[in-house]
Every structure is written in C-alpha cells, then in structure tokens.
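Chain naming here is simple, since letters A, B, ... match the order of the sequence lines and numbering starts at 1 in each.
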Amino acid sequence: MIDYDPASIENKWQERWEISGIWKADIDPSKPKFYLMFAYPGVSGYLHVGHMRGYTYSDVITRYKRMTGYNVLFPVGAHATGNVAISFARKIQRGNQEQIDILKSNNCPDEVIEKLKDPNFVVDFFSDVYVNQYWKKFGFLADWRRFMTTVDDGYKKFIQWQFRKLHEKKMLTQKPYYGTACMNCGPVAVDASETDISQGGNAEKQEWTVLKFKMGDEFVVAATLRPETVFGQTNFWANPDVEYVRAKVDDETWIISAEGAEKLSFQKDSVKIIGKISGKELIGKTVIAPVIDREIPILPSTFTDPDYGTGLVTSVPSDAPYDWIALRDLANNSEECKKYGLDQEMVKAIEPIPIIISKGWGLNPGVEICEKMGINDQNDPKLEEATKQIYKDGFHTGRMRDNCGKFAGMSVFDAKEEVKAMMLELGVADIMYDLSEPVICRCGAKVIVKLIPDQWFINYGNEEVTQIAKDFVPKMFIQPKEFKDNLPGNLDWFQERSCVRLGNWMGTPFPFDERWTIEPISDSTLYSAYYLVSNYVSDGKLQPEQMNEAFFDHIYLKKGSADEVASSTGIEKAVLESISADFDYWYPLDINLGGKEHQTVHFPVFLMNHAAIMPDMLPRGLFVNWWISGKGGKMSKSKGGAEPIPDAASIYTVDGLRLYYCHIASPHVDVEWDQDNVRHSKMRTEKIWKFANELMAMQGGDSQPIDSWLESRIHSHLQNIRTAMEKFDMRETAGIIFYEIYNDIRWYLHRGGNNAELISKILNAWLRTMAPFTPHMAEELWETGGNDGLISIAGYPKAEEFKQDKDAEAAEDYLRAVQSDISDILKMTGMMPKKICLYTAHGWKYEIQQKMVLEKKDMGFIMKEAMADPELRNKSKEISAFTSKLMKDMKRFGDGGMPSFEGTFEFNTLESAKEFFQKEFDCEFIIASADESEIYDPSNKKGVASPGKPGIHAEGSLN
RNA sequence: GCAGAGAUAGCCAAGCCAGGUCAACGGCGUUAGAUUCAGGGUCUAAUCCUUAGUGGUUCGCCGGUUCGAAUCCGGUUCUCUGCACCA
C-alpha cells in the first residue's frame, strides 16, 4: 500500500487543477448554471481558521453542483473600502507591537512589514495572501481570473454607476446628520472594536433636549435626557465652583458651561462666547421654567459636571434621585444656605411634584429609591444606578399624571417625544448631541459630535423597493429557516442609511460630489454583478475609463445597441457582446453565502439594491453560516486555532480541515474550536485512505445474500445524500459518506462479504461522493483505482446505480437486534456461552400481529375470534396479555410505523445467520420455532418470544 | 434598551419546524481488552441508574396542552448576534 502523504497529494492535485482549468467559468448553454459567491472578506490582516468555515462551505457546495451537472461560477474578491487598510497601515507606522507580533507569528518577513505602512500595499499584500495562501491552498476551484478588490479602478466605475441608478430611482436623499468626528482626523467610528479611537468604544451618541430658562434678557440653558419631566421642575441647579460663559447663539444669549459651548459650536452655525459668569453669581437668582412657566430658584449643587450636557441642570426631585438628594442636603444645611444667601425655609418648602405613575413605585420614585438604597449624599456612586433604575421603570411602564397638561395619561415612552416636539415648536428648547462617555481619537484629540448639514443617505424606506424585496423572499432559497422568517421584518426596518463620508477613506468617490467617499457597506450591495465584468478588466480587454454609464446600462439593463455603445465607449463590439452574454447566462446569483453578522445589514441591503436597480435579477438564495470560536471566545495558542492558516493546513491536512468544517456541526450554530476534534477529522481521512486502498486490493470472491444488503444500503445512502445536499446539509452528508458508508462496508466484510466486483463498483461511487468534501484524497484514490480524468468533474453517483432490497435490509436490522440482545444477556450474566437457543414466537402471535397491524383489527375482534377457535380458547389469558401489550406498542410506533413479521421469514433469517452467530459468539446455536414439539427449552423462553423478538436461552460457564 | 437566535448527558454537538421506532445520530474524552503496537496508531467493547433482554429517571428553570413532550404553548434565568460613520 502507498503511504498517505497528504502534503504531496495536496500539491499534486492543486497543480493539476490549476493546469486543467476546470475552475474557469465560461458559458456552456448545454448545462444549467449555478452561481455562488461568499461575502468577500475585508482586508484586515491575516485571518484565522474560523474564517475558513464559510469559504470551505462555498467550495464544497460548488464542487457538488459541478459534479451534479451544473456549470459553476464561483468567484472571489476582497473588500478594501473604508479605513481597515488605512488603520492597519497606521498601526504599523506607529510601531504597534501587538500588530507587529501578529504579523511575525504569521511568518511575515521584516521587509514586508516595512512596506505595510502603505495602505495600498496592505490591500495588495493581503489580497495575495487570501488567494494564494488560503483559498488555493484549501483546494478551491474558484474562477481566479475574476478576482477583484473594491478599490480597483473598474470597481469604482461600477459603484459610481450604481449610485447614479439609485439617484435616478430617487433613493438618494440629503439631510443634516450628527456624526462623530475628530477635529484633526475627520469622521471617526465609535464602536467596540475601537479601530479609529484609543478610548471610549462603548460610548453612545445621545440626544439631549436643551431647555431654555429665561432670566432677564438672557437664557440659562440646561440639558436633559428626559424632556417629559419638565412638569415636575421645582428648582434649577448650578455648580458654584464652575465658571460659566455667556454665548451668543443665533440671536440669543445663552449661559452654559464653556465645555457645553464648545460642543454646541460644532453643531450650530453661530456660537460665539461673549462673556463669563461664575456659578456663584447665578445662585439665588430665579428663572422662568419652560412649559410650566413658573419662577424657580437657582440652587447650588456639586453633582453638576460642566462637561456633561450644558453643565447646568433643571431639578425634578420626584423622578431624579440626584435632584432629590441634593435638595435635601441643602435644606438641612443652614451653613450652606447662608453661604449663598439663601432662605433655608424657602429651600425646605420645596416639595417634589409627582408627575409619573410608574409600576412598583409611589408618588415620587426618585425619593423612594434613595430611601430603599440608603443613599445619603449627592456624591454617592449608587446614585448612578438609582437613576438608571428609575429611568428604566418610568420609560417602560410609566404614564403621565393628570398635572401634565395635554400629556396626562400618555405613556412616558410617547410623552418623551411629544413633549420634546412641543417645546421645540414653542422655541423654548433645542437639541444637542453628545457622547455618553469621553472618546479619544487615535491621534489623541477628543472625539466630538459634529453637524454634517448635507449628509447623503440611501433611502431604504422606499416602499416600492421594499415591497419588491419582501415579495421575493418567499421564493428564495434561504438557510437557515429562522433567517428567512425574519428577513421581511429586517427589510421593513431599514430606513435611511448614510452612505458616504468625508475624510481620508479608501473607496469610490461619490459621483455627485467627489469630496465624499462611498462608505463600505453601501459599496458592497451589488457586486455579484461586477464579477461578470472583472475578468475582462483583468485580461485587458476592458479599460476602466471605457466603463461609463452607457456601458453598464447596456450590460446590466440592456439599454442601447451594441454598435452604439461600442462606438461611444471604444470597447470592441465583440467584447461587449461577450460580456453581455455572460451576464445574461450567469445572472441572477444563486447563492450569496456569509457569516451570521451579515443577517441584519449586508444581506438586506444586498437584496434591496438589486430590487432597486435590477428588479428582475434578484438573488435566488442566501446561506448564512455561524462562527468558529476558541474556548472562551478567542483562539489561543495553547488550545490551537491561533496558528496561521497555512500552518493549520499542514498540521491537520486540508482534507482533514474541510471534513472538520463540514461535519463538526450544522452550519447554523457556533462551534468551539477543539484540537482533538480537528485531529479526529484528519485521522478519519487517513483511515478512509487506508481502507480504500485495502478495498482496491480485493480480488475475486463470490456473491452472497449479504451483497444485496450492502447494495441496498448504498442505494439508500446515495438517496439520502442527494436529499441532504439539495438543502446544502453538509453535516448530514459528510456523516453518511465518512461514517455510515464506511461502517456499512466494514460490517459487510465482517459478515463474510467478499465480492470484489461489487466492492469495486461501490468504491467507485463512494469516492465520487467524497470528492466535494475531501477532493485531494478523492482524486488520488480515483487515480490509483485506474480511473480516467479528474474526479472533480466526474458525475456524482446516483442511487439508481445500486439495487434496493428492503427485505435484505429488514433481515439485517433484525439480526443486529438479535445479536445485540444476546450480547446484553451475556454481559449481564457474565456468561461464557457454550450453547445458545433462539426461539421464534408461536404462530398465533404472528397471526394476531398481522391482523392488528396490517388489517387494523381491534382487541375485541381478536378476542372474539380467539374464543371461537377451540385450540386458542384455552390460551385466552395469554392472548389477551399479548394483545394488550401489542396495542401499547402500536401506539408507541404511531400510525403504520410498527413493523410486522412473518414467522417463516424470521426463522429463515435466523437460520441463514447461524454460522455467523456461531463464529461471533464462539458457541453452538440452536434455532427453533416455539410451535415445534419436543424442543429443548430448559428456561421456558419460547413463551416470551414475540414476532420480531425471539426468545433467547443461553447456557455456559459463569465467571 | 430594541430586534433576532440559542441553552440537550464529562466536553463538542444532532434531534425540535411536521409530538410516539428517543436513553436521545456522530465525534471527543474516559475505561477495559486485542494488536510482532514504538512516537497523540488501529481494532473490539463499555461509558445516566437498574436488570438474563420489553424497567426507572433525564434534554436550562417553572407551569400548561396531550393517551403520550427534548419536540407544541405561557412564563422565567442566562448566553450570543445586529442596531445604521466597524466590516
């Protein structure tokens, strides 16, 4: 036998495939087409073994389709838009040790690390890594000619065309937007991954309602997150230790903190500081509270932070624990009152005004929670928690009390928006945005919220487009089902989505205003169409500058004649016709495959853009795969998975890894990477390799009854494989191929099967079933077995190639059950058997079972009939016991599920396996029917026998 | 917070939509035995409790529907994903 050397087999066949060109996808009108792509990866550096899961599924599915007669298109690409490559390069420029360590552990040479300071090189370098170190090394048969990245010139032309079409559809809108930005670096993303920022990834953008309190000609301005509570205002807070400023905002003068004024200056056209006023000066004055139009006093507090909101706060002690505690502190502190010249009795007289009825709380939740939590002063950190709790309960369960004007009875949830709207309308309030915690940019500057007055959006709220997409969902093939069910809801939920941004980003300039760059999600919503053009760009038949609006209109929307477009673009007419034909042949896409993170963003917008631009060409299917994670979340060196992908391929072998991805679990659950499991998959391929070699060496033999069983099993397996693969159920399929068929053939040999001709026929089919999963091993064995051509393009085996024989399968199932019963008994007793007797049941039991199971007779009928028969009459007790048990069993099996036996069939089956049993248990076997007279039955087992379950008597030495 | 998904034996994971052949596929791990067996190999058997085979208890937790529930319904706790300038 040839030793198994996976590494050399991998190289050998990857080379052969490369040369053979079977990966090239060209039109073949004689075959149905199948077009699958996966959501291309962002160029974010080296990937880990988890990423290969979905990619591998793609190759397995397309290989299967190819072998079942489809002409397959499987292109790959990479997503470079945005700031991933830029921030990657910046990290290298800054000498980020963590990043450099990752590169080094992936065997990245120093001179390359040096070059990775250039974002463009980052894109080129990792594109090459993905293609050559990952996908080709995993044996993928992708159409490499079509490889593209989203920053290719041709791709940019394509995206610009797409946005022109969206504009024609009136789906591009423009309106003000508040975005996060750094004054030095421009727009930054504030998110948990912290790619742009060095601190504050969990910050949220909050909308503050700015309340204007009239004080003479000026306004003292507070900010609140709870505008609906204005009805409960009792006083106003200023921090005596803070120096506030007078700022000219539009035509008004606002008193706010300097920090607040700065923030506001990014969000309003004119904010100009014209003076100062200390907190102390404000205290003791009175202001007119908005909405309630009441005069309230300004009191001192220490919890008011100049950096939070406007640095000034209105006080609602009924629902704000901070306010209540501060008020109480002050009322009880005569010294403090004196210090600010306040009338202590006046402060004491301030009572909370109940405004919200909240589940589980009385009149003043803010007061109650402080008592409950034992909060005693305004610097107690528990106040934060108390505030959150009250807010949560009030927001979800609360209703406005009767003293809240026209909002009385309204839920807090609704009142919040309505009160805010009313105040804006009246001009007593304004809006301001801020981040919930400090955020610091990579450059060290503070990240602020900035008004972008003319932000562009794609309006996914467009009803016509949404409807087209929603209507199409039921016709699509979508796995898993849960996602299919949710997708229409996701589509409805999508409204406007900002689609361009300013600043230093990689990507396509926005065609209507080139200062803007189209953002990363918006430029990956139609790209399956570009794969039908990219190969022409790659081989130079098409120049990016020729790819104008007329060109894409012609290819995708069938506008204009080939002659016209050829002359206006300068593209050869033949090329134009060829591209056009390609598109007509391959489009629409059959499957877009991607990770679970794409469910609510990428897949819906992918559908919507097709619905908007190519409503007749909507993708026919989506396949979502879940993730592979390390134990406890991250991949780790000690537990595996963190090694570079090429290293993992050499440790576990490519076929081993492919089998692992396919067989470890359903594609739609997360899996923990476990070295032992991966190693097992590798050994499984090796085991099958050896076994296949042994089978190939078989000679001669003769045909026996067990042959029919094996053939029939293979028939069923092939049928089940087809059914499973139609749903791309790769786990089920891999289980059948790599475990069940393997076990069946071994059982066949164990049972004495030795028909080399049959085995050779089965092996031939078996190898073909394996090919999509473990293609390298399958090719090698295919060649060793003397077959011509590549197995990768051989036909996938069909169930009809093997004869079905239900009786043979039933007989074998029966024998296995008997064997297992005998084993159980021997195990229980610890007996070394000398003699085992098997008794098939009494004939009347078969008759009754037949009548009940097949003829559906009931118990009364059976008993009546039995009593009429003189021979059965004296067995009535036995009969009724047997019959009622049978009734029970039948119920357990459900409708028609209970197998029924004939006595002769059972007896003959046992008789035919006698020799096998004797060898198996190494003892004498006696097989008899319970109806035979004078049979040896010392422990009276013939009586307990029932159809399908023979009585068993064993004797021998106990040890 | 909002939306969605999930919780199955020591571990990883099928089954759930279409309730009964489910003590619950498969794998890992563990244990025992075999192998002229050198490098985590292969094979056989066992692996909830009980037992001369048809018995008991189990599928996050609590309750309900049903002759019958891992599967259906309600509630509850915990985990994961997305939430719109991260891709």
Side-chain angles (χ1 to χ4, degrees), chain A residues 39-44 79 81-84 87 177 179-181 186-196 201 204 391-392 395-396 452 455 457 460 480-483 485-486 489-490 493-503 505 519-521 524 595-602 605 626-627 629 631 633 660 663-666 668-677 679-681 683-684 686-687 690 731-732 734-735 738-740 746 817-818 820-829 831 885 888-895 897-899 939 941 944 946 949 951-954:
Chain A
Y40 44 23
V43 223
S44 56
H79 192 205
T81 315
N83 64 347
V84 248
S87 78
Y177 179 78
T180 46
V188 294
V190 175
D191 68 276
S193 69
E194 301 197 340
T195 41
D196 295 354
E204 282 176 48
Y391 179 76
K392 204 169 138 186
F395 189 67
H396 291 284
I452 300 156
Q455 173 68 46
F457 294 83
Y460 290 113
K481 186 180 168 293
E482 290 76 13
F483 177 49
D485 295 341
N486 294 329
N490 289 339
W493 168 78
F494 260 94
Q495 292 302 315
E496 285 162 318
R497 197 191 150 96
S498 67
C499 60
V500 294
R501 49 199 194 184
L502 296 167
W505 309 100
E519 64 85 37
I521 291 163
S524 26
K596 65 172 174 178
E597 71 280 13
H598 294 307
Q599 287 178 100
T600 47
V601 181
H602 170 67
V605 296
W626 265 234
W627 296 350
S629 64
K631 288 210 192 291
Y660 169 78
H663 185 252
I664 185 63
S666 141
H668 318 299
V669 297
D670 286 329
V671 172
E672 275 179 33
W673 179 266
D674 177 344
Q675 273 183 312
D676 286 330
N677 282 328
R679 210 183 297 124
H680 165 81
S681 293
M683 287 177 327
R684 192 78 201 178
E686 200 172 322
K687 215 186 271 190
K690 283 187 186 153
R731 182 187 193 270
E732 171 75 12
F738 294 91
Y739 295 88
E740 293 185 26
R746 284 171 38 105
V818 173
S820 147
D821 280 348
I822 298 171
S823 299
D824 278 350
I825 292 167
L826 296 179
K827 190 184 79 190
M828 291 297 129
T829 54
M831 184 188 285
K885 175 147 189 340
K888 245 190 183 166
D889 284 349
M890 281 173 64
K891 259 190 182 165
R892 202 161 50 87
F893 275 95
D895 280 343
M898 175 117 183
S939 54
K941 289 293 179 186
V944 300
S946 62
K949 210 158 174 64
I952 299 166
H953 165 78

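- With both ends at atom C1', the span from A38(B) to U47(B) equals 29 Å, rounded to whole Å.
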Quick one: which protein N/O atoms are closer than 3.5 Å to N/O atoms of nucleotides 42-50 of chain B? Pair and distance per line, please.
residue : atom : partner : partner atom : Å
C43(B)  : OP1  : Y742(A) : OH           : 3.3
C43(B)  : OP2  : K687(A) : NZ           : 3.3
C43(B)  : O3'  : R746(A) : NH2          : 2.8
U44(B)  : OP1  : R746(A) : NH2          : 2.1

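- In RNA chain B, runs of at least 3 consecutive Watson-Crick or G-U pairs, each pair with both distances below 3.5 Å, span B:1-7 with B:77-83, B:10-12 with B:26-28, B:29-35 with B:41-47, B:60-64 with B:72-76.
- Contact annotation: S498(A) side-chain N/O to C85(B) OP1/OP2 distance is under 4.0 Å.
- Contacts of E519(A) with the nucleic acid, taken as non-hydrogen atoms under 4.0 Å apart, are absent.
- Within 4.0 Å of A954(A), counting heavy atoms only, lies at least one base atom of the nucleic acid.
- In this structure, Q455(A) and V500(A) have side chains that are in contact, with non-hydrogen atoms separated by less than 4.5 Å.
- The residue V671(A) sits close only to the backbone: its heavy atoms come under 4.0 Å of sugar-phosphate atoms, none of a base.
- Taking the side chain of V601(A) as heavy atoms from C-beta on, and the options C85(B), G82(B), A84(B), the nearest nucleotide is G82(B).
- Taking 4.5 Å as the limit, every side-chain heavy atom of I452(A) sits out of range of all side-chain heavy atoms of R501(A).
- Contacts of D824(A) classified as side chain to side chain donor-acceptor pair (under 3.5 Å), with partners at least two apart in sequence or in another chain: none.
- In terms of the side chain to side chain donor-acceptor pair (under 3.5 Å) criterion, H668(A) has no residue partners (sequence neighbours excluded).
- The minimum heavy-atom distance between E672(A) and Y660(A), with the atom names listed, is O-OH, 3.7 Å.
- Residue side chain E672(A) does not reach the base of C11(B) through any donor-acceptor N/O pair under 3.5 Å, judged by distance alone.
- Considering only side-chain atoms of N486(A), the nucleotide from G53(B), A5(B), G29(B) that sits closest is A5(B).
- Here, G75(B) and G4(B) have their P atoms 13 Å apart, quoted to the whole Å.
- Residue-level contact check: G735(A) touches neither bases nor backbone, having no heavy atom under 4.0 Å from any strand.
- Residue Y460(A) is classed as having no contact, given no heavy-atom separation below 4.0 Å to the nucleic acid.
- One C1' atom belongs to A69(B), the other to C62(B), and the distance between them is 16 Å to the nearest Å.
- On the P atoms, U54(B) is 12 Å away from A23(B), given to the nearest whole Å.
- Between P520(A) and G82(A) the shortest heavy-atom distance is CG-CA, 3.8 Å.
- Side-chain contact between W505(A) and E519(A): absent, with no pair of heavy atoms (C-beta onward) separated by less than 4.5 Å.
- Summarising the geometry of Q599(A) relative to N490(A), their closest heavy-atom pair is O-ND2, 3.7 Å, with the distance given to 0.1 Å.
- Within the nucleic acid shown, Q455(A) comes within 4.0 Å of at least one base atom, counting heavy atoms only.
- Distance noted for atom C1' between G63(B) and A13(B): 29 Å (whole Å).
- Contact between A39(A) and H598(A) at its shortest, heavy atoms only, is CB-NE2, 3.8 Å.
- In this structure, CZ of F457(A) is placed 12 Å from P of A84(B), rounded to the nearest angstrom.
- Using a 4.0 Å heavy-atom criterion, one finds that T180(A) contacts the sugar-phosphate atoms exclusively.
- Closest non-hydrogen pair, S939(A) versus H953(A), comes out as OG-ND1, 2.7 Å.
- The same atom, C1', is picked in G27(B) and in C80(B); the two are 24 Å apart, to the nearest Å.
- Nucleotides of RNA chain B nearest to D676(A) and D821(A) differ in position, and the one nearer the 5' end is that of D676(A).
- Counting heavy atoms from C-beta on, the side chains of V671(A) and W626(A) never come closer than 4.5 Å.
- Classification of the Y460(A)-F494(A) ring pair by plane angle, with boundaries at 30° and 60°, yields perpendicular.
- The aromatic rings of F457(A) and Y177(A) sit perpendicular, their planes meeting at an angle over 60°, well past the 30° parallel limit.
- Between H680(A) and the phosphate of C28(B), there is a side-chain N or O to OP1/OP2 separation shorter than 4.0 Å.
- Proximity note for R501(A) (side chain, C-beta onward) versus G27(B), A5(B), A87(B): the nearest is A87(B).
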Contact list (N/O, under 3.5 angstrom) for nucleotides 14-17 of chain B vs protein:
residue : atom : partner : partner atom : Å
A14(B)  : OP1  : S666(A) : N            : 2.8

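- Here the side chain of R497(A) is nearest to one of A84(B), G53(B), C12(B), namely A84(B).
- Taking the C1' atoms as reference points, U8(B) lies 14 Å from G26(B), given to the whole Å.
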Might you list the N or O atoms of the protein lying below 3.5 Å from N or O atoms in nucleotides 76-81 of chain B, with each pair's distance?
residue : atom : partner : partner atom : Å
C80(B)  : O2'  : K596(A) : NZ           : 2.9

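- Between V84(A) and H79(A) there is no side-chain heavy-atom pair separated by less than 4.5 Å.
- Among the heavy atoms of the strands lying under 4.0 Å from Q495(A) is at least one base atom, whether or not backbone atoms are also near.
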